Amino acid sequence: MGSVRKIATKQPTEFKFTKENLKEIDAILKKYPESRKKSGVMPLLDLAQRQHDNWIPEVAMKEIATILGMPPIKVFEVATFYSMYNLSPVGKNYIQCCTTTPCWLRGSSDIVDFTKKHLGIEVGETTKDGKFTLVEVECLGACVNAPMVQINDDYYEDLTPEIMKDVLEDLASDTKREIGSQTGRVNSLSSAGATSLLKEAKKAKITIQDGDK
Amino acid sequence: MPKLTIDGMEVEVENGTSVLQAAEQLGIEIPRFCYHDKLSVPANCRMCLVEVEGAPKPMASCAMSCAPDMVVHTGSEKVHKARKAVMEFLLINHPLDCPICDQGGECDLQDQSVAYGYDSSRYDEPKRAVKDKDLGPLVKTVMTRCIHCTRCVRFSDEIAGVPVMGLLQRGEDTEISNCLGETVNSEMSGNLVDICPVGALTAKPYEFNARPWELSQTDAIDVMDAVGSNISLCTRSGAIIRIQPRMNEDINEVWIADKTRYIYDGLKKNRLDKSYVRNAKGKLEAVNWEDAFEAISNKFKTSEKIGAIAGDMADVESMFALKGLMNEFESNNLDYRQRGENYDISNPAGYRFNTTIAGLEESDLILLIGTNPRIEAAMVNSRIRKTVFNNGTKVALIGEKADLNYDYDYLGNELSLLEELASGKGSIAKQLKAAEKPVIILGASALNRKDGSAIHNLVYKIAEKFKIVTKDWNGFNMLHQNASTMGALEIGFTPSKKGLDTAGMLKANMDILYLLGADDLDFSKLDKDTFVIYQGSHGGEGAKHADVILPASAYTEKHAIYMNLEARPQTSRQAVFPVGEAKADWKIIRALSEYLDKKLPYDDLLELRDSLRKTSEVFDNIGEVIPVEWSEFGKTGKINKTGLSVDIDNYYQTNIIARSSDTMSECVDAFINKDDKKVA
């Protein structure tokens with residue numbers, strides 16, 4: 001587990017939700033009965049993380065505790081339990097590389113090694129310019145297009161070290177880039193294209209999409 | 001009522017009983033770590049696994065309700081194997097430091113590993129270490145020993161009402177932590193030590209002091225407040241090493257307050273171990289018993305105005321003996337109210353805790369008037385907290401605002417509120433009327449004012465107005481602070497037949513004032529010529545103003561009866577001998593009576609108790625509460641506007657023993673002064 005899971009020693013002293021987020025909080029809390037409003041703790045933590053450079057400071061957790069009327073420690077419990085909440089600062093692009101078995105079989109170790117070398121950081125570290133943080137994570141559910149990484153909210157799939165290099169360079173220079181499969185695969189079709197039920201598809205007049213371009 | 005079979009024995013249990021509890025009814029003990037009778041059931045330690053026929057896997061018996069025709073095996077091979085596996089996991093990260101662990105000898109993990117542990121470990125990887133937490137001066141932490149049972153988390157959430165403990169992180173990084181260095185600021189924190197099944201939370205004052213098998217236990221009664229918590233005094237070679245709770249479902253359940261538990265170092269300090277007489281130069285001089293009695297008897301020969309005041313921790317027997325002695329000298333100047341609480345002492349219905357502590361659990365609305373039960377009687381507060389937490393009982397407060405560990409409706413501190421209520425109006429009136437079993441708790445210390453008796457009467461009128469007392473429910477309670485109060489009232493250690501009360505005695509320039517452990521008088525009002533006899537265990541204000549000091553025993557050093565605020569008499573047993581030349585209180589008074597030629601008619605404690613029983617049959621029923629008739633109390637009168645205030649400034653140092661205790665002053669620094677700094 002990366003060091004971002006540890007609670008940062010340097011903490012800001014203040015945190016206030018923005019006006020838009022406060023409206024959002026109202027909308028979230030409407031989903032729960034008044035007496036059960038602490039059910040909103042997870043979406044609120046997510047809001048705080050998005051508002052605060054992708055990590056949640058202690059003051060934000062206390063703020064959430066006040067909003068939801070629950071003891072601060074109970075918010076801490078949730079925030080420290082789930083690995084998707086960052087409790088110390090991370091880079092602008094937060095790279096989560098899946099290293100669970102399917103991705104690993106398809107070469108995720110190469111992706112991790114390449115990324116480490118390319119960025120000059122170890123797993124769990126942030127580059128000096130603050131642009132990238134690399135962590136290893138467990139399965140993100142995109143095994144068919146393994147190996148893959150999640151960078152902030154986006155998945156980049158069907159990676160090779162070469163493609164990863166392009167991805168990182170584009171992100172470094174803020175160039176817009178297609179997300180999803182990097183080999184042009186549609187959804188999770190087989191890379192060899194459709195192989196079965198071709199006749200039946202033709203009969204039913206269904207267009208068959210190609211696999212890899 | 002499901003009927004099931006456990007280990008071949010049939011048992012019929014209440015609905016909702018867990019398999020673990022059902023097994024307990026049959027006398028089958030199932031090992032457990034996370035399960036605790038008084039806490040919620042998380043089922044996370046998995047030690048209580050049992051085999052249920054038809055179930056594919058072993059089941060956690062603490063969380064599984066009994067169902068009809070269930071067949072359970074608690075001792076089968078499969079169960080044993082499952083528990084061994086659980087134990088192996090628990091021991092993976094548990095350090096092998098039993099020889100330097102204070103829990104050693106009374107550790108659940110140690111005990112159960114005898115039955116379920118492997119003799120050697122298969123674990124080769126490095127063990128983890130967890131940083132210790134700061135939980136204040138009472139609880140020491142060694143977090144590496146923690147097995148994550150979460151009893152402490154549940155205790156602070158559910159019982160103490162200070163939710164600052166939590167289970168942070170996950171997996172290998174899991175740790176129990178307090179909230180960002182916040183100490184457990186609760187007068188119940190010592191119980192964390194009791195509920196921790198391993199040595200992660202141990203008692204700081206008891207650190208490396210003794211092993212449990214070296215200690216002998218004596219059943220005693222606590223005198224730090226009027227609750228009369230049942231305690232067990234653990235002694236080794238004539239010294240109190242620690243104090244632990246003794247289960248009593250009617251009073252303290254299985255808990256005790258911190259002051260009760262950690263007071264004991266105060267019993268070794270500041271003690272009076274010799275008699276003293278003030279000499280011609282005005283200095284106190286150590287003398288033997290005869291000389292001290294001689295000095296007293298000389299004074300008695302020339303004195304007319306004689307009075308006696310009992311302190312906060314006086315036992316029933318000594319007050320009974322002292323009353324006997326005073327009556328021999330035709331003095332009715334007796335009082336136990338050092339601070340001058342002014343309420344009607346003629347009607348027991350008006351000064352008792354009628355609902356009883358356990359009875360609070362039936363109530364659906366509690367109105368607190370001029371009291372802060374959290375610091376006045378922590379165990380009562382914990383019972384209120386329990387009913388709020390379990391039954392959703394509503395609480396309202398008229399008086400000083402306070403942090404009470406549970407939500408309450410703050411009505412204000414204007415006495416007009418009481419007057420409104422007495423006439424059936426006010427914001428809480430509707431709820432009081434609707435409540436089935438309403439409770440009023442009136443703080444005795446708040447009546448420490450001229451119009452106290454009038455307020456007492458006003459609260460009576462409120463009780464009448466809202467039918468607080470019915471045929472089978474008595475919801476009126478007075479909350480006292482001191483262990484001696486109810487005993488003194490029961491035996492009549494009160495000013496009678498024109499006798500003077502405390503204020504009267506101080507004003508009237510008595511010739512002789514006999515202080516039975518009374519340390520909290522307003523000594524500035526004491527006349528210089530008054531001959532003061534101080535009989536007590538500790539040197540404080542009382543001893544400072546004394547002309548003769550008679551060294552007496554503390555509550556751990558005598559057999560005695562104490563009556564708690566419910567008027568429940570309880571016997572406390574002697575655990576250690578009095579220090580130096582000190583003697584049990586009643587013996588001193590009995591010996592003195594002989595010296596004064598007014599010999600009291602009993603020679604030993606049994607005879608004394610016989611005559612005690614003759615005066616009041618309550619003492620025939622030790623441990624029981626005999627309800628009293630409900631009738632009017634207090635005197636109608638004018639009430640001035642000043643709000644009610646609780647007469648206690650600091651929970652940790654309310655009496656002379658507490659003030660002598662280092663542990664208690666550390667608590668003051670850690671919990672009370674710390675908050676002051678925060679505010680500043």
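Letters go in sequence order (proteins before strands), and every chain restarts at 1. This is a predicted model, so every value here is computed, not measured.
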Heavy atoms of other groups near A:Tyr32 OH, more than 12 under 6.0 Å | yes
When you look at CH2 of A:Trp104, are more than 12 heavy atoms from neighbouring residues, nucleotides or ligands closer to it than 6.0 Å?
-> no
List the atom of A:Tyr82, the atom of B:Arg170, and the distance in Å for their closest heavy-atom pair.
-> CA-NH1, 4.0 Å
Hey, is CD on B:Glu125 packed in by over 12 heavy atoms from elsewhere, all under 6.0 Å?
-> yes
Heavy atoms under 4.5 Å from chain A: which residues of residues 148-159 of chain B carry them?
-> B:Val153, B:Asp157
Over 12 non-hydrogen atoms of neighbours within 6.0 angstrom of CZ in A:Arg106 | no
Taking atom NZ of A:Lys37 as the centre, report whether more than 12 heavy atoms of other residues, nucleotides or ligands fall under 6.0 Å from it.
-> yes
Using a cut-off of 6.0 Å, state whether more than 12 heavy atoms not belonging to B:Lys127 lie near its atom NZ.
-> yes
Which heavy-atom pair separates B:Leu168 from A:Ile73 by the least distance, and what is that distance?
-> CD2-CD1, 4.3 Å
Could you tell me the separation between the CD atom of B:Glu175 and the OG1 atom of A:Thr80, rounded to the nearest 0.5 Å?
-> 8.5 Å
Got more than 12 heavy atoms from elsewhere within 6.0 Å of NZ, B:Lys204?
-> yes
In this structure, are over 12 heavy atoms from other groups packed under 6.0 Å from A:Asp129 atom CG?
-> yes
Distance-minimising heavy-atom pair for B:Met165 and A:Lys74 = O-NZ, 3.6 Å
